[in-house]
Amino acid sequence: MENNRSAKSLWGDYLDKHLEDAFVEAPKVEHFCDNEKDANECVALVEKGVKKATTHSLLGLQLRNESLPKIGDFRVVTDWDGQAKCIIRTTAVKLKPLFSIDEAYAQKEGEGDKSLTYWKTTHLEYYKRELAEFKREPTESMIVVCEEFEKVF
């Protein structure tokens with residue numbers, strides 16, 4: 001966050017209105033997805049209140065030495081260019097096999113036509129790209145991290 005002025009500004013505006021969070025650790029600043037089109041579409045869906053979840057591959061997080069999201073975590077979400085758009089707070093985290101994702105969860109992600117078919121297709125494509133650099137392949141039984149969140153600002 002130290003070199004992202006828009007994120008600092010947005011977080012400061014949030015704290016001005018939410019003094020109860022004044023001692024919260026500075027949030028992560030990041031965009032969704034691995035390409036401009038999807039990143040910008042996803043943040044727009046969050047801003048509209050449509051997208052309320054995201055799904056990480058556990059293997060991807062482990063291979064990049066990233067920590068699991070935790071309930072209560074804040075995140076400043078940016079567009080692809082790094083412009084801060086909104087702040088979200090994690091409300092639920094569940095680890096489950098990819099094959100167990102259901103239609104209701106796909107709808108919480110809010111992408112595409114919100115169907116399970118769309119969700120599986122786009123997520124498998126993403127996991128393939130994500131894991132390719134580690135010479136790994138996604139599988140139906142791989143564990144995914146289902147993170148639900150609310151837009152707080």
Gln83 meets the side chain to side chain contact (heavy atoms under 4.5 Å, CB included) criterion, sequence neighbours left out, with Ser6, Asp79, Lys85
Residue set satisfying side chain to side chain contact (heavy atoms under 4.5 Å, CB included) with Tyr126, at least two apart, ordered chain then number -> Asp34, Arg129, Glu130
For Phe134, the ring pair (Phe, Tyr, Trp, His ring centres under 6.0 Å) test, sequence neighbours excluded, returns none
Hits for side-chain hydrogen bond (donor to acceptor under 3.5 Å, both in side chains) against Glu20, two or more places apart or cross-chain, chain-then-number order -> His18
For residues 84-120, the ring-ring contact (aromatic ring centres under 6.0 Å, His included) pairs (sequence neighbours left out) are Trp119-His123
Hits for salt bridge (Lys or Arg N to Asp or Glu O under 4.0 Å) against Lys120, two or more places apart or cross-chain, chain-then-number order -> Glu140
So ring-ring contact (aromatic ring centres under 6.0 Å, His included) across residues 40-74, not counting sequence neighbours, yields Trp11-Phe74, Tyr14-Phe74
The complete set of ring-ring contact (aromatic ring centres under 6.0 Å, His included) pairs with one or both residues in residues 35-54, sequence neighbours excluded, reads none
Those residues at least two apart in sequence (or on a different chain) that pass side-chain hydrogen bond (donor to acceptor under 3.5 Å, both in side chains) with Ser9 are none
Applying salt bridge (Lys or Arg N to Asp or Glu O under 4.0 Å) to Arg75 and not counting sequence neighbours gives Glu30, Glu147
Contacts of Lys52 meeting salt bridge (Lys or Arg N to Asp or Glu O under 4.0 Å) (sequence neighbours excluded), chain-then-number -> none
Sequence neighbours excluded, the answer for salt bridge (Lys or Arg N to Asp or Glu O under 4.0 Å) partners of Lys37 is Glu41
